[in-house]
Number of protein chains: 2
Amino acid sequence: MCCMDKRTNIIAGAERIFENQGFRGIGVDGILAPSGTSTRTLYKHFGSREGLVLAVVAERHRSFMERLRDWPEAHDPIGSLFDVLESWLSEHGARGCMLLRAHSEYAGSHPDIASLVRQQKREFADEIARRVETALGQPNNEIALSIWLLFEGATAAASVTDKPVVQSAKRAALTLLSDR
Amino acid sequence: MCCMDKRTNIIAGAERIFENQGFRGIGVDGILAPSGTSTRTLYKHFGSREGLVLAVVAERHRSFMERLRDWPEAHDPIGSLFDVLESWLSEHGARGCMLLRAHSEYAGSHPDIASLVRQQKREFADEIARRVETALGQPNNEIALSIWLLFEGATAAASVTDKPVVQSAKRAALTLLSDR
DNA sequence: GCACATGTAAAACGATCGCTTTACATTTCA
DNA sequence: TGAAATGTAAAGCGATCGTTTTACATGTGC
């Protein structure tokens, strides 16, 4: 078996475990079980448990941004934001943003994880600002920020309610956008 | 020393620890250190580590709802929501909603913590709906839900950015409210 | 004055933690 | 052919985990 596949498999398996158990709710044996990996290989690839967490968080962000970029509805740059979220949540389950979960679990003890997540969220907020500019023909940072908050709010709230939060966030975002 | 004070002190000390380290990032000795409590007393009062977490989460919600109720600006029921949030965050630090953090760390393994948080969030969303009805003279669940999402989004986002998210959420909420 | 409730201090329990090591199988390719 | 790279399996490292236990100090009320 080749090297890059193994690395990818470990990350994919760990991602599924972290979704359900959180980052600190399970040991390395449990993290490695879904990919059938020995601990020796883990430390060869990632150096430490924390190194794997870092890689999973990075991959999670990359794959979400990729889906955002490849989503076929270019004519509705803001509405499609929430359509992507809905598809994402139905696929992964609604357990709160994994990036923010990593941030809150590790911010007190692992500054590099915290700063990675801050940078990822800056990237995401910038992407929303770009889409607002596309929709309005000019930048509007105030509206972009509000739409970001609706997005993060829907992601968080979906983990604790059955209400249709994503569609509600989408409608509110479009209202704010047409209301300036 | 009397019984209720000790219980309260343990909870208050644990709350400060959980804010900084997360729920699973520290052992019981560390949790008890700020209140100078022996482990024996912990298990007498709460039965288990998880029992303490449950009590801290319950107290956290109670004390936030109390501040909301006692806030002096009855004339602006929606705007004051975000003023309370700003005062709360400046006092406790912005590390994401502790209730949601508990939910995501324990949902996979401790259903009773998860269901407590779901109920607390239902209570909070209902309080917002009541305030929307007060402001509008009639109920509007769609607007109430959006405002809840702005609130949760601001709470989450404040932990990873320096942008003035709470004030932005407040303005967006008031816009949605006056826009129906 | 004495039982009782409440507390601390500290040792000890087995279990599990992150990580390292030893031993061995497999593929790759010069 | 045979050394290097990559992998699993499993034992073992010391540290720390949540929890229980033993021993002892306090203050309160009958």
Side-chain angles (χ1 to χ4, degrees), chain A residues 1-18 20-58 101-102 105-114 116, chain B residues 1-18 20-58 101-102 105-114 116:
Chain A
M1 307 173 188
C2 173
C3 53
M4 213 49 192
D5 278 344
K6 193 63 197 173
R7 209 187 124 92
T8 303
N9 289 342
I10 295 177
I11 292 177
E15 209 174 321
R16 293 202 307 276
I17 292 289
F18 290 150
N20 305 343
Q21 319 277 345
F23 291 93
R24 304 190 110 133
I26 193 168
V28 292
D29 292 359
I31 296 171
L32 296 174
S35 54
T37 309
S38 63
T39 63
R40 190 172 210 267
T41 304
L42 165 68
Y43 290 99
K44 191 153 287 183
H45 277 293
F46 301 97
S48 68
R49 183 192 212 279
E50 183 208 343
L52 173 59
V53 170
L54 216 44
V56 168
V57 168
R101 292 170 67 182
E105 289 197 44
Y106 287 109
S109 55
H110 297 276
D112 44 343
I113 294 181
L116 171 62
Chain B
M1 307 174 188
C2 175
C3 51
M4 212 49 191
D5 279 345
K6 193 62 197 174
R7 212 187 123 93
T8 303
N9 288 342
I10 295 176
I11 291 176
E15 210 174 320
R16 293 203 306 276
I17 292 290
F18 290 150
N20 305 341
Q21 319 278 343
F23 290 94
R24 304 188 110 133
I26 193 167
V28 292
D29 293 358
I31 296 171
L32 296 175
S35 54
T37 310
S38 64
T39 63
R40 192 171 208 265
T41 305
L42 165 68
Y43 290 98
K44 192 154 286 182
H45 277 293
F46 301 97
S48 68
R49 183 192 212 281
E50 184 208 344
L52 172 60
V53 170
L54 215 45
V56 167
V57 168
R101 292 170 67 183
E105 289 198 45
Y106 287 110
S109 55
H110 298 276
D112 43 345
I113 293 181
L116 171 62

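Every chain is numbered from 1 and lettered A, B, ... according to where its sequence line falls, protein lines coming before strand lines.
Rounded to whole angstrom, the span from the NE2 atom of B/His110 across to the C1' atom of D/dG18 amounts to 11 Å. To the nearest angstrom, C1' of D/dT21 lies 11 Å from NZ of B/Lys44. Between B/Leu42 atom CG and D/dT21 atom P there is a gap of 15 Å when expressed in whole angstrom units. Put simply, CG on A/Asp5 is 14 Å from C1' on C/dT27, counting in whole angstrom units. Protein atom CD1 of B/Ile31 is 13 Å distant from nucleotide atom C1' of D/dT19, rounded to whole Å. Atom pair A/Arg24:CZ and D/dC17:C1' shows a separation of 13 Å (rounding to whole Å applied). Going from atom CZ of A/Arg7 over to atom C1' of D/dT6 covers 15 Å, rounded to whole Å. Across the protein-nucleic acid pair, B/Tyr43 atom OH and D/dG18 atom P stand 6 Å apart, rounded to whole Å.
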Report all side-chain donor-acceptor pairs from residues 25-38 of chain A shorter than 3.5 Å, counting only partners two or more places apart or in another chain.
residue: A/Ser35; atom: OG; partner: A/Leu32; partner atom: O; Å: 3.2
residue: A/Ser35; atom: OG; partner: A/Thr37; partner atom: OG1; Å: 2.9
residue: A/Thr37; atom: OG1; partner: A/Lys6; partner atom: NZ; Å: 3.3
residue: A/Thr37; atom: OG1; partner: A/Ser35; partner atom: O; Å: 3.4
residue: A/Ser38; atom: OG; partner: A/Thr41; partner atom: OG1; Å: 3.2

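Among the protein residues, A/Ile26 comes within range of the sugar-phosphate backbone only, with heavy atoms under 4.0 Å from sugar or phosphate atoms but none that close to a base.
Ring planes of A/Phe23 and A/Tyr106: perpendicular class, angle over 60° (limits at 30 and 60°).
In terms of the side chain to side chain contact (heavy atoms under 4.5 Å, CB included) criterion, residue partners of B/Leu54 (sequence neighbours excluded) are, by chain and number, B/Asp112, B/Ile113, B/Leu116. Applying the side chain to side chain donor-acceptor pair (under 3.5 Å) rule to B/Gln21 yields no partners; only residues at least two apart in sequence or on another chain are considered. Applying the side chain to side chain contact (heavy atoms under 4.5 Å, CB included) criterion to B/Ser48, with sequence neighbours excluded, gives B/Glu50.
The structure places CZ of B/Arg7 at 10.5 Å from CG of B/Leu42, a figure rounded to the nearest 0.5 Å.
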Determine, stepwise, if the pair B/Phe46 / B/Val56 fulfils side chain to side chain contact (heavy atoms under 4.5 Å, CB included).
CA-CA 11 Å; B/Phe46 301 97; B/Val56 167; over 6 Å; no
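Proximity of residues 48-58 of chain A to DNA chain D (heavy atom under 4.0 angstrom from any strand atom) is not detected for any residue.
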N/O to N/O distances under 3.5 Å, protein versus nucleotides 21-25 of chain C:
residue: C/dT22; atom: O4; partner: A/Arg40; partner atom: NE; Å: 2.9

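Toward the 5' end of DNA chain C, the nearer of the two residues B/Thr37 and A/Gly25, judged by each one's closest nucleotide, is B/Thr37.
Contact check for B/Val53 versus B/Phe18: side-chain heavy atoms found under the 4.5 Å cut-off.
Here B/His45 does not reach the OP1 or OP2 of C/dT6: none of its side-chain N or O atoms lies under 4.0 Å away.
For the pair A/Glu105 (side chain) and A/Arg24 (backbone), a donor-acceptor distance under 3.5 Å is present.
Comparing C/dG7, D/dG18, C/dA9 by their closest approach to the side chain of B/Ser38 singles out C/dA9.
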